[in-house]
Structure formats: structure tokens, C-alpha cells
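Worksheet for the structure shown next.
Along the sequence shown, residues are numbered consecutively beginning with 1. Every value quoted in this text rests on a predicted model; they were computed, and no experiment measured them.
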Amino acid sequence: MANAIIVARAVEKFYTQPDGNRIEVLAPTDLEICPGKIVALLGPSGSGKSTLLRMLTGLSAPSSGDVLWHGKPIASHSPNVAIVFQSFALFPWLNVLENVEAPLEAKGMAAIERRKRALKILDTVGLDGFETAYPKELSGGMKQRVGFARALVVEPEVLFMDEPFSALDVLTAENLRGELMELWLNKKMPTSAIFVVTHNIEEAVLLADRVIVLGKNPGHIRADFEIALSQPRNRKAAAFIEFVDRIYEIMTQPDTEHVPAAAVQMGVASSRSPKKKYQMLPHARPGGIAGLLELLHDGDGREDLYRLASRLSMDVDDLLPIVESCVMLGFATLKDGEAQITPDGAAFAGADILNRKVLFRDAALKHITILQCIDSVLKAKSDHSIPEEFFHDILDEHFTQDEVDLQFDTAMSWGRYAEIFDHDPENGRLILTDPATEPADAANPGAA
């Protein structure tokens with residue numbers, strides 16, 4: 001659009017390994033941020049949400065592609081943006097007023113002018129009377145209000161928020177969301193657009209005019225659509241629930257292609273999910289997998305994910321990896337945002353502890369590539385052991401270093417639970433739990 005504040009054209013982020021292999025974090029992506037809109041960016045952990053945010057703000061340069069600020073390269077300008085972080089990021093040695101004044105002081109604003117502006121914004125966000133308090137004296141909600149005030153005091157044209165409510169309790173987060181929307185709708189915020197990264201689907205539908213859903217490995221846009229609901233929004237309204245269910249469906253069907261609306265409007269090809277080089281394990285523990293299967297088994301065998309998340313008071317980032325793990329192991333299926341237990345999953349849920357390990361082992365060796373690889377290599381070795389670094393190197397060809405560590409930890413958790421192998425951390429080796437050898441009495445007939 002001609003009036004877009006920020007435009008990203010084919011921005012990509014990748015890291016080159018010492019051996020020349022390239023790890024792609026974010027596939028070429030097109031995006032626009034326009035005035036008068038709140039845009040919510042959703043996606044599973046590791047999909048590049050924060051990476052994209054940092055490139056849009058100019059904090060990080062894309063590996064390729066361009067980010068434009070009012071039509072000009074953002075790298076050659078000082079974009080008028082501000083960021084609210086998840087972790088508050090306040091200076092503990094400064095009081096509330098001084099924290100809010102800090103960005104204005106960095107810009108060289110005169111003391112009297114920055115004091116007047118800081119006091120005004122503190123009053124706007126409901127912090128008048130707390131000017132002399134220090135961060136250690138404030139609750140989480142109050143600290144985040146200071147974070148909002150510090151971001152808004154520079155009067156940003158675009159306000160970026162990176163999971164701003166995720167560190168707060170449910171009631172405090174709900175209260176702050178309501179206050180943010182009141183300021184936005186009543187035009188009390190000195191900003192033209194808001195871009196919020198979140199893992200909370202309800203939060204996205206509650207706040208945003210437009211929702212973008214990322215896929216991962218590498219990050220890419222899977223869906224981009226408008227939320228055509230008037231504000232304020234009612235969580236119990238059928239239309240609201242329909243949007244929530246739609247996003248759940250998109251996020252739980254990673255292999256289904258959803259054409260990004262923005263790509264169509266801009267006349268460019270949408271980012272297609274690249275062919276997977278290697279299976280990515282969801283980061284879930286066997287205990288969480290067992291717990292979900294028990295819930296499904298104790299019910300009627302199926303559950304809508306939106307209602308399940310609400311019943312368990314879980315965010316999508318916490319629930320989806322567990323659901324995806326059940327699907328990957330063949331213990332459940334997903335369709336239209338609904339999880340349904342399979343016969344294998346029902347057998348697992350109804351089994352005792354020892355038999356669960358056997359069933360998990362069978363499922364893991366049938367479906368999980370890295371565990372198949374580990375099992376095969378260990379059986380082939382004469383001593384049935386191998387350095388763990390060998391599998392780190394395999395994973396390193398396909399994932400970033402942080403993701404390699406997460407993938408390895410998950411594989412260790414699943415493999416040890418299934419008794420596929422043991423882990424000797426002192427020597428850094430994996431050892432086959434039950435090497436394929438002859439039974440003791442067959443190898444030594446006289447033992448009987």
C-alpha cells in the first residue's frame with residue numbers, strides 16, 4: 001500500500017556455518033505495516049517471530065531483502081519506533097520517572113521538556129503518584145506500565161510489543177490489555193500503528209485488526225488475514241470463537257498451505273513452506289504427552305483445542321508442542337482444530353508404566369527419524385556406544401545452534417524414557433540400553 005509506514009520485501013535471515021552450510025531462520029518474507037492498524041504476529045516457538053520484529057525495527061539487518069521506512073531503506077534512517085519487551089527491561093537504579101525520561105535524555109531533549117512529557121505519559125497510563133518509586137517496589141503489572149510509558153513517551157509512529165503480557169498473571173494481563181485498547185480506541189496514544197508478537201491466540205483476536213501466522217523450519221508466513229470484528233470484542237461471541245478456531249486449525253496443520261492475504265494484495269508469490277530437510281521434534285516431555293492422552297482417553301476420545309487450552313489454562317505455545325508430539329508418534333490425529341486419540345494412543349493411555357515404555361518405544365522407532373538413526377548406529381557399533389557429539393553434528397546440518405540443543409534434549413528425553421539408549425553425561429556417550437545379543441541361557445547352555 002502507498003501509505004505503508006514499514007514495508008519488508010523478501011527479507012530473509014540465515015546464518016552461515018563454518019563449513020559453508022547455511023541455516024535459514026526466516027525464509028524470504030513480504031510484510032507491510034500501515035497506519036491505523038494493530039497487527040498481531042503468531043507462531044510456534046522457533047518460527048522467527050522476534051527475529052522478524054527486530055528486522056522491522058532496524059535492530060537487526062536482514063541477510064537479504066529490504067526493509068523500507070516510508071519508502072526509504074530503514075538502515076539509512078532513524079525510524080520512529082519503540083519496543084515494549086516481555087521482561088520489563090527497566091533500569092533498577094532509576095526511579096519510575098527517570099526510567100521513562102531515559103529515552104528522551106538519550107535523544108538529547110532538554111530536562112524541562114522531557115520532565116513535562118514523562119509526567120504527562122505517566123498520568124496517561126495510570127502511574128501518577130508513583131514517579132519516585134523504584135522498580136523493586138512495583139508489581140509486575142506496574143513494571144509493565146512503566147515499560148509502556150517509556151515506549152510511548154518518545155511518541156513512536158509504530159509501537160512494537162514482544163509478548164508484552166506473557167510474564168504477567170492472567171488477571172493483570174487482562175487488565176493491561178483492556179487499558180491498552182482503551183488508550184488506542186480513544187486515540188490517547190501518540191502512535192499510528194501497533195505490531196504485537198504473541199503466542200496467545202485469544203489475545204491476537206482480541207486486539208488485532210490483522211493476524212499473521214508464521215510456520216517454522218524455517219520461519220515463513222502461513223496465513224495473513226483481517227479480523228473483521230468491531231471493538232470492544234466479546235470472547236463469547238460466535239464470530240470471535242470462529243476466528244480463534246480458525247487460527248488453531250492453521251497452527252495445528254503445519255503441512256496445509258494457507259495463502260497469505262498480504263502476498264496476494266501486493267501481487268507477489270506467497271512464501272511456500274520449504275521442503276523439510278529433517279524432522280523437527282516438538283519440545284514436549286513424555287509426561288506431558290501421557291497427560292494429554294489420559295485427558296482424551298478419559299473423555300470421549302476427542303477435544304477441541306481451543307476449549308482444551310481454556311480448560312487447562314494453557315497458552316498455545318505450551319499446548320501445541322504436546323499435541324504435535326502425540327500426532328507425530330501416531331497417538332492422536334488433528335483435524336479442524338480438534339484432537340482425537342488413535343487406537344495406539346488409547347492403548348498407551350490405558351497401559352501401566354512398564355507397558356507404556358514399550359508402546360512409546362515402538363512408536364518412537366516407527367515415526368521419529370533421529371531416534372531411528374541413534375538406534376541403528378548404536379546397534380551397528382561393536383561396543384553399542386557412540387559419542388553424543390556425533391548426533392549433534394547431524395542436527396547441526398539442519399538447525400541453528402540453539403535449536404540443535406533443544407532437539408537433542410528432546411531426543412534424549414524421549415529416547416531414555418523409551419529405554420532405547422542410556423546417556424553417560426560424564427563421558428558424553430550414548431549407550432544402547434538393550435543390545436541385540438543372544439539370551440544368556442542360549443549363549444551359555446550350561447547355565448541352566
Quick check for you: to the nearest 0.5 Å, what is the distance between [X] atom [atom1] and [Y] atom [atom2]?
X      : Y      : atom1 : atom2 : answer
Leu206 : Ile227 : CG    : CD1   : 10.5 Å
Leu180 : Leu152 : CG    : CG    : 8.5 Å
Lys49  : Arg54  : NZ    : CZ    : 14.5 Å
Phe14  : Leu26  : CZ    : CG    : 11.5 Å
Tyr248 : Asp304 : OH    : CG    : 8.5 Å
Glu419 : Lys357 : CD    : NZ    : 5.0 Å

If we ignore hydrogens and angles and just use 3.5 Å, is the side chain of [X] paired with the main-chain N or O of [Y] as donor and acceptor?
X      : Y      : result
Asp209 : Ile38  : yes
Thr410 : Leu406 : yes
Thr191 : Pro156 : yes
Gln407 : Leu281 : yes
Asn427 : Arg429 : no
Thr57  : Leu53  : yes

For the residue pair [Y] / [X], report whether a side-chain donor-acceptor contact shorter than 3.5 Å exists.
X      : Y      : value
Glu163 : Thr198 : no
Ser60  : Lys13  : yes
Ser64  : Glu12  : yes

Checklist entry - Given the rule in the side chain to side chain donor-acceptor pair (under 3.5 Å) test, do Ser385 and Asp383 qualify, once you have shown the distances and angles that lead to the verdict? => result CA-CA 6 Å; Ser385 75; Asp383 64 351; 3.1 Å; yes
Checklist entry - Any chance CD of Glu242 has more than 12 other-residue heavy atoms, nucleotides or ligands included, within less than 6.0 Å? => result no
Next on the checklist: Heavy-atom count check: over 12 atoms from other residues, nucleotides or ligands less than 6.0 Å from Lys188 NZ?
Outcome noted: no
Checklist entry - Relative to each other, are the rings of His423 and Phe408 parallel, tilted or perpendicular (30° and 60° limits)? => result perpendicular
Checklist entry - Where does the angle between the aromatic ring planes of Phe160 and Phe195 fall among parallel (under 30°), tilted (30 to 60°) and perpendicular (over 60°)? => result tilted
Checklist entry - Between Ile368 and Ile370, is a side chain to side chain contact (heavy atoms under 4.5 Å, CB included) present by the stated rule, with each step listed? => result CA-CA 6 Å; Ile368 309 304; Ile370 185 62; 3.9 Å; yes
Does some side-chain heavy atom of [Y] sit less than 4.5 Å from a side-chain heavy atom of [X]?
X      : Y      : result
Ile33  : Leu56  : yes
Leu159 : Val84  : yes
Phe421 : Ile431 : no
Pro232 : Met181 : no
Ile6   : Val158 : yes
Val25  : Pro218 : no
His70  : Ile5   : yes
Gln340 : Leu296 : no

Taking all atoms of both residues into account, what is the closest heavy-atom pair of [X] and [Y], and its distance?
X      : Y      : answer
Ile74  : Gly58  : CD1-N, 3.9 Å
Pro321 : His283 : CB-O, 3.8 Å
Cys326 : Leu292 : SG-CD2, 3.9 Å
Arg9   : Asp30  : CA-OD1, 3.4 Å
Ala284 : Ile289 : CB-CG1, 4.4 Å
Leu214 : Pro44  : O-CD, 3.4 Å

Checklist entry - Do Lys366 and Asp362 sit within salt-bridge range, that is, some charged N less than 4.0 Å from a carboxylate O? => result no
Next on the checklist: One thing to verify: whether Asp422 and Arg416 come together as a salt bridge, which I'm taking to mean a side-chain N less than 4.0 angstrom from a carboxylate O.
Outcome noted: no
Next on the checklist: Could you go through Trp414 and Arg285, starting from their C-alpha distance and side-chain angles, then the distance that decides it, and tell me whether this counts as side chain to side chain contact (heavy atoms under 4.5 Å, CB included)?
Outcome noted: CA-CA 7 Å; Trp414 290 17; Arg285 300 290 180 183; 6.0 Å; no
Next on the checklist: side chain to side chain contact (heavy atoms under 4.5 Å, CB included) for Leu127 and Val146? Distances and angles first, verdict last.
Outcome noted: CA-CA 8 Å; Leu127 283 173; Val146 179; 3.7 Å; yes
Flag this pair as yes if the NZ/CZ of [X] is under 6.0 angstrom from the six-membered ring centre of [Y] and inside a 45 degree cone about the axis; otherwise no.
X      : Y      : value
Arg233 : Phe240 : no
Arg177 : Phe165 : yes
Arg361 : Tyr417 : no

Checklist entry - Stepwise, does the salt bridge (Lys or Arg N to Asp or Glu O under 4.0 Å) test hold for Arg356 with Glu294? => result CA-CA 12 Å; Arg356 279 188 177 185; Glu294 286 180 17; 2.8 Å; yes
Item to check | Identified side-chain contact (heavy atoms from CB on, under 4.5 Å) partner of His384 from the options Thr433, Leu432, Val377 | outcome: Leu432
Item to check | Pair Glu157-Val81, side chain to side chain contact (heavy atoms under 4.5 Å, CB included): steps then yes or no | outcome: CA-CA 6 Å; Glu157 192 168 357; Val81 301; over 6 Å; no
